[in-house]
Asks: 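Following this message is one structure expressed as structure tokens.
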Amino acid sequence: MTLGHEPLVAEVLSTGTLKGLPQEHFIGGRYVPAHSGNTMESFDPARGRPFASFAAGDAADVDAAVAAARKALNGPWRQMGPAERGRILDRAATLLRERAARFAVVESLDSGKRLLEAEGDLRGVARAFEYYAGAADKLHGDSLPLGRNYVGFTTEEPIGVAAQVIPWNYPLSTAARGIAPALAAGCTVVAKPAEQTPFTALMLAELLHEAGLPEGVLNVVTGTGAQAGAPLVAHPGIDHITFTGSVATGTQVMRAAAEHVTRLVLELGGKSPLVVLADCDMDVAINGVIEAIYENAGQICSAGSRLILDRSIAVAFLSRLATRVKGFKIGHGLTNPDLGPVNSARQLEIIDSHVQRAIASGNRVYAGGSIAKSEAADGGWFYEPTIIEAQGASDPLAQQEIFGPVLTVQIVDGPEEALNAANATPYALVAGIYSTNITDALRFARDVDAGQVFINEWFAGGIEVPFGGNRKSGFGREKGMAGLRSYCKLKSVVARI
Ligand code: NAD
């Protein structure tokens, strides 16, 4: 499918920016400036330079957005039947497909991700709206078997105003997987995109209103976590929080939620194990590893960041993998290189500090191992695609999320040791296994602690598949019908007859 992005890419590459980006909050169905009048800048990660500014929101803007969302909860949105809500979401899916080129270019420019990946994200985002459009009028309760003298049933009611706090690695995908089910369930929303990537959430709000969403049903406030995120999650007018981000911030959000007993879903970090057994199809597994850790320069909560590899194939596997990785071209995400930049100077520093500490401790490096300095880097924030071996399961490299293009390798003997290694971190988001023995693969799926398990294809599945973590990776589920129920409150009704 050709998306017609060429003129937009040419504009960015020649001028360093794109005309017509939204610069204000979206509250009550229209763009409004920050109450304080303050703005901040967003950076092109491939050049390390600002390309546009946007509203720096604070508690006053959050108050206005929550007020708009509360008002909208009792407006036309409440009267609208589920089928009509679904129709609006379906129109949004159509508009997203029509405007995918512009959305994808903005997403790539703002986050740094390769354009091909951003285009894939757009397809997923349109699918999310389509999926929940179809689900809106199928959100039925149960009838309860209480005997002849009673009629009992349950209903699923919208939870109210749902706050969405969104990270910078999948700005639009994360927004969509929260906003689409919340709207399908009949909630209203206040979203706070990451300060590194504010634009596509604003564009999405505008598009949804064009698709027929009543004013105030979806509001977007931009700004930092401290200035705009913290007042949002602590707001008494919020009924539910979906937070996607780091464990450290998630812990603060959970504390803030406790104050008003606000419900929440936490999607936090990961250090997800990718197990490769001796009987794998090696070509499939090598491609799988490359996608799992180098997609979006490894800045994916569900990246396969720990390769747990059977010793009997380790030498051959690592040599083939390292040869592929050393041949990667890096460059601006909009030029579709093999590897794009990481999102910020801070992220680059964090990644390098993990790797340099490991190298100083004597860990073996198979590829990469430093900040990329090639000409293609052009002042941007690039890290070499890296493969580095951990020294045992307790090595910080095997325990801590790095959130960059850095693959940690752990070498094990057989499926049992692989499983033990897989389960030996505080995280439990996703896990994967490459094996041609379906029994070994399904035993691993049964015994590994993870919210989602991939067999012979990392990232297999789509919006239909519930997603979320256990342990330090958080709790609650997004996507699938489970994601829709996150935005509902269950009511039981019993009548004596
Ligand atoms: P972060 O926690 O710093 O920021 C995430 C969001 O929270 C941003 O919008 C930020 O502005 C906001 N925020 C920051 N402080 C806040 C506060 N005190 N109150 C309310 N909101 C606040 O995360 P990050 O470092 O930008 O993102 C990377 C992390 O996100 C990684 O750990 C990664 O694993 C995780 N992540 C998880 C998932 C998932 O689905 N499980 C998806 C993407 C990223």
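Note that ligands are numbered from 1 as they come in the structure, with each ligand's atoms numbered from 1 the same way. Each residue takes its place number in the sequence, starting with 1.
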Asks: Which of the numbered atoms in ligand 1 are under 4.0 angstrom from any heavy atom belonging to Phe243?
Replies: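 This gives 2 (O), 6 (C), 7 (O) as the contact atoms.
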Asks: Answer yes if the side chains of Asp63 and His235 hold a donor-acceptor pair under 3.5 Å, and no otherwise.
Replies: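 The answer is yes; a qualifying pair exists.
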Asks: Quick one: which ligand 1 atoms are inside 4.0 Å of a heavy atom on Phe467?
Replies: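 Going through ligand 1 atom by atom, the ones under 4.0 Å from Phe467 are 40 (O).
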Asks: In the protein, which heavy atom is nearest to atom 20 (C) of ligand 1, and how far is it?
Replies: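 Nearest protein contact, heavy atoms only, for atom 20 (C) of ligand 1 is Gly229 C, 3.2 Å.
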Asks: Using a plain distance cutoff, I'd like to know if Lys192 has any nitrogen or oxygen under 3.5 Å from a nitrogen or oxygen of ligand 1.
Replies: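 Right, the criterion is met.
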Asks: Give the numbers and elements of all ligand 1 atoms closer than 4.0 Å to a heavy atom of Val165.
Replies: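 Here the atoms of ligand 1 in question are 6 (C), 7 (O), 9 (O), 12 (C), 21 (N).
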Asks: Of all residues at least two apart in sequence or in a different chain, which pass the side chain to side chain contact (heavy atoms under 4.5 Å, CB included) check with Arg263?
Replies: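 Arg263 satisfies side chain to side chain contact (heavy atoms under 4.5 Å, CB included) with Ile159, His240, Lys489 only.
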Asks: Do Tyr383 and Gln347 have side-chain atoms, one donor and one acceptor, less than 3.5 Å apart?
Replies: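 There is no such pair between these side chains.
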Asks: How does Ile166 reach ligand 1, by side chain, by backbone, by both or by neither, if only non-hydrogen atoms under 4.0 Å count?
Replies: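 Ile166 to ligand 1: backbone contact only, side chain stays beyond 4.0 Å.
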Asks: Can you list the atoms of ligand 1 that are under 4.0 Å from a heavy atom of Gln252?
Replies: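 Those atoms are 18 (N).
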Asks: Should the proximity of Leu268 to ligand 1, defined as any heavy atom under 4.0 Å, be assigned to the side chain, the backbone, both, or neither?
Replies: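 For Leu268, only backbone atoms sit under 4.0 Å from ligand 1.
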Asks: If you take the centroid of each ring, where Trp contributes its six-membered ring, are Phe51 and Phe199 closer together than 6.0 Å?
Replies: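 Here the rings of Phe51 and Phe199 have centres that are less than 6.0 Å from each other.
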Asks: Below 4.0 angstrom, N of the basic side chain to O of the carboxylate: do Arg127 and Glu130 qualify?
Replies: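 Looking at Arg127 and Glu130, the cut-off is met.
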Asks: Does ligand 1 have a heavy atom under 4.0 Å from the side chain of Glu267, from its backbone, from both, or from neither?
Replies: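 Under 4.0 Å from ligand 1, Glu267 contributes backbone and side-chain atoms.
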Asks: Write out the residue and atom name of the closest protein heavy atom to atom 13 (N) of ligand 1, then the distance separating them to 0.1 Å.
Replies: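 Looking only at protein heavy atoms, the one closest to atom 13 (N) of ligand 1 is Gly225 CA, 3.4 Å.
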Asks: Below 4.0 Å from any atom of ligand 1, is there a heavy atom belonging to Tyr170?
Replies: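 The answer is no: ligand 1 sits nowhere under 4.0 Å from a heavy atom of Tyr170.
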Asks: Show me, pair by pair, the donor-acceptor contacts under 3.5 angstrom made by side chains of residues 248-262, not counting sequence neighbours?
Replies:
| residue | atom | partner | partner atom | Å |
| --- | --- | --- | --- | --- |
| Thr249 | OG1 | Ser246 | OG | 3.0 |
| Thr251 | OG1 | Val247 | O | 2.7 |
| His260 | NE2 | Ala234 | O | 3.1 |

Asks: For atom 25 (O) of ligand 1, which protein heavy atom lies nearest, and how many Å away is it?
Replies: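 The closest heavy atom on the protein side is Trp168 NE1, 4.0 Å.
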Asks: Is Arg177 in contact with ligand 1, taking contact as a heavy-atom separation below 4.0 Å?
Replies: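 The answer is yes, since Arg177 has a heavy atom less than 4.0 Å from ligand 1.
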Asks: Enumerate the atoms of ligand 1 whose separation from the nearest heavy atom of Glu195 is less than 4.0 angstrom.
Replies: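 Under 4.0 Å from Glu195, ligand 1 has these atoms: 10 (C), 11 (O).
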Asks: Which atoms from ligand 1 have a heavy atom of Asn169 less than 4.0 Å away?
Replies: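 The atoms of ligand 1 under 4.0 Å from a heavy atom of Asn169 are 43 (C), 44 (C).
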Asks: Which one of Ile300, Thr244, Val430, Thr249 has a non-hydrogen atom at the shortest distance from atom 5 (C) of ligand 1?
Replies: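 Checking each option, the heavy atom nearest atom 5 (C) of ligand 1 is found in Thr244.
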Asks: Side chains of Asp352 and Gln356 only: does a donor on one sit below 3.5 Å from an acceptor on the other?
Replies: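 Looking only at side-chain atoms, Gln356 and Asp352 do form a donor-acceptor pair, the distance falling under 3.5 Å.
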Asks: Pull out every atom of ligand 1 sitting under 4.0 Å from any heavy atom of Pro167, numbered as shown with elements.
Replies: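 By the 4.0 Å cutoff, the relevant atoms are 43 (C), 44 (C).
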Asks: Could you check whether Trp168 and Phe403 have their ring centres less than 6.0 Å apart?
Replies: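 Here the rings of Trp168 and Phe403 have centres that are less than 6.0 Å from each other.
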Asks: Please report the shortest heavy-atom distance between Ile286 and Arg324, naming the atom on each side.
Replies: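 Closest heavy-atom pair between Ile286 and Arg324: CG2-NH1, 3.8 Å.
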Asks: For Ala230, take its heavy atoms, then give the atoms of ligand 1 lying under 4.0 Å from any of them.
Replies: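 Here the atoms of ligand 1 in question are 19 (N), 20 (C).
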Asks: Any idea which of Cys301, Ser272, Gly474, Ser246 brings a heavy atom closest to atom 36 (N) of ligand 1?
Replies: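 Nearest heavy atom to atom 36 (N) of ligand 1 lies in Cys301.
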Asks: Report the part of Glu401 in contact with ligand 1, treating N, CA, C, O as backbone and CB onward as side chain, heavy atoms under 4.0 Å; options are side chain, backbone, both, neither.
Replies: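 Answer for Glu401: side chain.
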Asks: Could you say whether the N/O atoms of Phe403 and ligand 1 ever approach to under 3.5 Å?
Replies: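 No; the residue has no nitrogen or oxygen that sits under 3.5 Å from a nitrogen or oxygen of the ligand.
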Asks: If you look at every heavy atom in Ala52 and Leu21, which pair is closest and at what distance?
Replies: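 Shortest heavy-atom separation between Ala52 and Leu21 comes out as CB-CD1, 3.8 Å.
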Asks: Show the nearest heavy-atom pair for residues Ser108 and Arg114, with the distance to one decimal.
Replies: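 Scanning both residues, the minimum pair turns out to be OG-C, 4.2 Å.
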Asks: Within 45° of the ring axis of Tyr427 and under 6.0 Å from its six-membered ring centre, is that where the NZ or CZ of Lys271 lies?
Replies: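 So Lys271 doesn't make the cation-pi contact.
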Asks: Any idea which protein heavy atom is nearest atom 35 (C) of ligand 1, and the distance to it?
Replies: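 Checking every protein heavy atom, the shortest distance to atom 35 (C) of ligand 1 gives Gly245 O, 3.0 Å.
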Asks: Could you pull out the closest heavy-atom pair between Ile308 and Pro273, with the gap in Å?
Replies: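 Heavy-atom minimum between the residues: CD1-CB, 3.7 Å.
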